[in-house]
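First up is the structure itself, then whatever we jot down about it.
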Number of protein chains: 2
Amino acid sequence: MRRRTAGPGATATIADVAARAGVSTATVSRALATPDRVRPELVELVMRAVSESGYTPNNSARTLRTQRSRMVLVVVPSVANQMYAHVLRGIDTGLAPAGYGVIIGNLDNAPNKEGRFVDFAFARQVDGVILLCGFVPGSHGRSMASAGLPMVSILSPIVDSDIPDVGIDDHAAGREAARHLARLGHRRLGYAAGPREHVVDTARWTSFREGALAEGVDPADIVRIEGGEGMRYTYRSGVAAGERFLAMTRRPTAVFCGSDEIAIGFMKVMRDAGVSVPEDVSVMGIDGIEQTDYTHPVLTTIRQPRQDLGRAGAELLLGMMDGRSDAAHRRVRLPFEFLARASTGAPPAEAAGRISQDLAPARMG
Amino acid sequence: MRRRTAGPGATATIADVAARAGVSTATVSRALATPDRVRPELVELVMRAVSESGYTPNNSARTLRTQRSRMVLVVVPSVANQMYAHVLRGIDTGLAPAGYGVIIGNLDNAPNKEGRFVDFAFARQVDGVILLCGFVPGSHGRSMASAGLPMVSILSPIVDSDIPDVGIDDHAAGREAARHLARLGHRRLGYAAGPREHVVDTARWTSFREGALAEGVDPADIVRIEGGEGMRYTYRSGVAAGERFLAMTRRPTAVFCGSDEIAIGFMKVMRDAGVSVPEDVSVMGIDGIEQTDYTHPVLTTIRQPRQDLGRAGAELLLGMMDGRSDAAHRRVRLPFEFLARASTGAPPAEAAGRISQDLAPARMG
DNA sequence: CTGTTAGCGCATTCAG
DNA sequence: CTGAATGCGCTAACAG
């Protein structure tokens, strides 16, 4: 059979609709796309034929013809990660009104999967790309960037590139974390690190350090605690950091963790070891995932506007795909929210070189 | 310019490759798809031309021609939910080797978004659909099912349909939960409900009830605690359930929650109210998200093989898309894992009608 | 305003 | 084994 009749799996073509309405396919196409350029009674006729036949335009034909797929590729390190999942949600929210769909490029923390997604770009399967992974995927020496597609990064700037990005000011975040802990009276600070060499991690660590120094903390008393090889912003990374912390002879009295998950893993190790938070050690995270509201103690954290970041990134990309030149080469910074909560407090009395002035008179000059 | 030259945004076509190799486009196509049917030296020639020009077949053209998009739509209630995110990851893992990509259909707990995804199906933008939402999306009276696409459900059977599904045995899970709590000595049990009328929730509730009855619990002592209107398997639903629990005059001594998130929200309310878990009330969840390892106390739960469920669903769908008839109309049940941990224990002495025989001699007949 | 025509890029006939 | 020709379904020129 050449043309399917109605039935399961049947898909009407524009020709079917045209025949049914007694007009040409061009008229059908116009009646659907630009009804004001078609005589009203014909539009009516076409619409009836469309609904009778259950016609939905074939997407690949349309894409092939128009050279626009109305699809966006989102490359994410791990869909299972709370943070990325929420940004993804924001992206979808921002893209949907413009009629764009989302193809998910899940690297699953295994960079060898990049090739698949590079191909998506070159196969013109998508009109644009949003990166949550902090780098431009590539494979076999071919970078996704050379596909010539509009591209936006969220959560992390892309080094050595002019790819627009949207995120928070990670430097300000790191400094505020340091300030918060220092003002509570802590004089020896730890940073439970995320992935080494990652731009965001570097920004947070260096700015945390700067912030601590600015508060008069001794450089020797700002320690970086690695989470273990190959570990990302995960619970397990926090567990590893916690274990290293326990092994230290001179422990920090407060620890800023590179992510909320790290903080949560870290706190678990403390609890299991009988180290109280915040009495023995203050712990804070960053990201502001919902889960932080449900930890015990409730976690001090820096909330990124996850959903808004996604939406802003989507809108930036939409602008670029529409060829609005003002969209490209931009850098969007959204405000974060500092949530000072129960997991951070004054240092234990014996460890405090100086107690916050709000809490007690200074002991050191 | 008619044909782009190499440069940013350039995309070589099969014609470019053919010209460069000095063969016809048909030969290029064959050299790529079925190299064994082409003279080796020509294959060599083509391959060189391909890599020189950076050719990647245009996907919409190929889709239009072959009537296969090599894309699958995954409809998920909420990408931000841990559970779905992990299943999604498993799906991607299962689909990737077969060369299939994933389009994400995020309902975001707002069913009016269904229409978009119904269109994807009818527009033949995908070759198959995986449902994590427990129902078949539809809009304007048109069901996605009538698009005639292979379809599989994961995590929940679809009522009144012959759509194959993969999941755990929810009835067995509910019964085991009841048994676990009853054997610890609890004689008054609560169920913190998920979305009312949801198949899975119904299965868990009814089987929990059955299991409790089988253990000799009085029917009047099995109470369903609603999480509040419009609430899903979320933390907040657990919070609402916790508040209702506290308001009860005769509280259950153990509560089975419809999801881990519900359990975690519930536990927070208990903690804030000074009700100890498990000393005052035992709490358990179901799903087995990673987060349950990091709660305090560590949450007793029933772990669903999230990733395996996703992979199995993907493989089932692959079979259907390949027209393997044995694939359809199947129902796959994967084993779950009962994790008895610290959040469940014996009931408080004054409340116990009977203490588990492992813990103390029976007080009742 | 409407129909005819062409072609997006590819895979697959059908000849040779 | 290879090339020429065809058409997947659609939209956009171009005529009328």
Side-chain angles (χ1 to χ4, degrees), chain A residues 1-4 9-46 49-50 53-70 99 119-120 122-125 127, chain B residues 1-4 9-46 49-50 53-70 99 119-120 122-125 127:
Chain A
M1 99 188 146
R2 179 140 158 47
R3 264 294 171 273
R4 302 116 301 208
T11 306
T13 70
I14 197 171
D16 299 330
V17 176
R20 191 188 287 258
V23 298
S24 73
T25 60
T27 299
V28 174
S29 180
R30 279 188 291 248
L32 259 27
T34 53
D36 41 311
R37 295 190 192 169
V38 177
R39 193 151 35 106
E41 47 268 48
L42 281 192
V43 174
E44 175 65 20
L45 226 52
V46 169
V50 164
S53 59
Y55 171 66
T56 302
N58 179 297
N59 196 268
S60 38
R62 170 178 282 178
T63 298
L64 181 60
R65 178 61 231 232
T66 61
Q67 306 287 23
R68 312 188 66 201
S69 64
R70 303 233 142 222
D119 284 346
F120 280 171
F122 280 93
R124 284 292 179 266
Q125 195 157 2
D127 295 340
Chain B
M1 101 189 143
R2 180 138 157 51
R3 267 291 172 275
R4 303 115 300 210
T11 306
T13 69
I14 197 170
D16 299 331
V17 176
R20 190 188 286 259
V23 298
S24 73
T25 61
T27 299
V28 174
S29 182
R30 279 187 289 248
L32 259 26
T34 52
D36 41 311
R37 294 190 193 167
V38 176
R39 193 149 36 102
E41 47 269 46
L42 281 192
V43 174
E44 174 65 21
L45 225 52
V46 168
V50 164
S53 59
Y55 170 67
T56 302
N58 179 295
N59 197 267
S60 36
R62 170 177 285 178
T63 298
L64 181 59
R65 178 61 230 240
T66 61
Q67 307 286 23
R68 313 189 67 201
S69 64
R70 304 234 141 220
D119 285 345
F120 280 172
F122 280 93
R124 285 287 179 270
Q125 195 158 1
D127 294 339

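By convention in this document, chain letters (A, B, ...) are assigned in the order of the sequence lines, proteins followed by strands, and residues within each chain are numbered from 1.
Between C:dG9 and A:Gln67, a contact under 4.0 Å exists linking OP1 or OP2 to a side-chain N or O. When the side-chain nitrogen and oxygen atoms of A:Thr27 are compared with OP1 and OP2 of C:dG3, one or more of them lie within a distance under 4.0 Å.
Distance check: A:Arg65 CZ to A:Arg62 CZ gives 12.5 Å after rounding to the nearest 0.5 Å. Remark: A:Arg20 CZ to A:Leu45 CG distance equals 11.5 Å, nearest 0.5 Å.
Summarising the geometry of B:Thr13 relative to B:Tyr55, their closest heavy-atom pair is C-CE1, 3.5 Å, with the distance given to 0.1 Å. The two atoms that bring A:Ala18 and A:Val28 nearest to each other are CA-CG2, 3.6 Å, heavy atoms only. Of all non-hydrogen atoms in B:Ser53 and B:Ala12, the two that sit nearest each other are O-CB, 3.7 Å. Closest non-hydrogen pair, A:Gln125 versus A:Ser69, comes out as O-OG, 3.1 Å.
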Checklist outcome for this item: Whether each nucleotide of nucleotides 11-16 of chain D has a protein heavy atom under 4.0 Å at its base (B), only at its sugar-phosphate (S) or at neither (-) is summarised, 5' to 3', as BBB---

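Distance, B:Arg37 CZ to C:dT12 P: 10 Å, rounded to whole Å. Per the geometry, CG belonging to A:Leu64 stands 12 Å off P belonging to D:dC10, to the nearest Å. Atom CG in B:Leu45 sits about 11 Å away from atom P in D:dT2, given to the nearest Å. Between the P atom of C:dA11 and the CG atom of B:Asn59 lies a distance of 10 Å, rounded to the nearest Å. Here the C1' atom of nucleotide C:dG7 and the CG atom of B:Asn58 are 13 Å apart, to the nearest Å.
Out of D:dG3, D:dC10, D:dT2, the shortest distance to the side chain of A:Ala61 is found at D:dC10.
Residues meeting the side chain to side chain contact (heavy atoms under 4.5 Å, CB included) test with B:Asn58, sequence neighbours left out: A:Leu64, A:Arg124, B:Ser60, B:Ala61.
Each end of the helix from C:dC1-D:dG16 to C:dG16-D:dC1 gets its own axis from five base pairs, and the two axes differ in direction by 40°, given to 10 degrees.
Side-chain contact between A:Thr11 and A:Thr56 is absent, with no heavy atoms from C-beta onward closer than 4.5 Å. Residues A:Thr27 and A:Ser24 meet the side-chain proximity criterion, which asks for heavy atoms closer than 4.5 Å.
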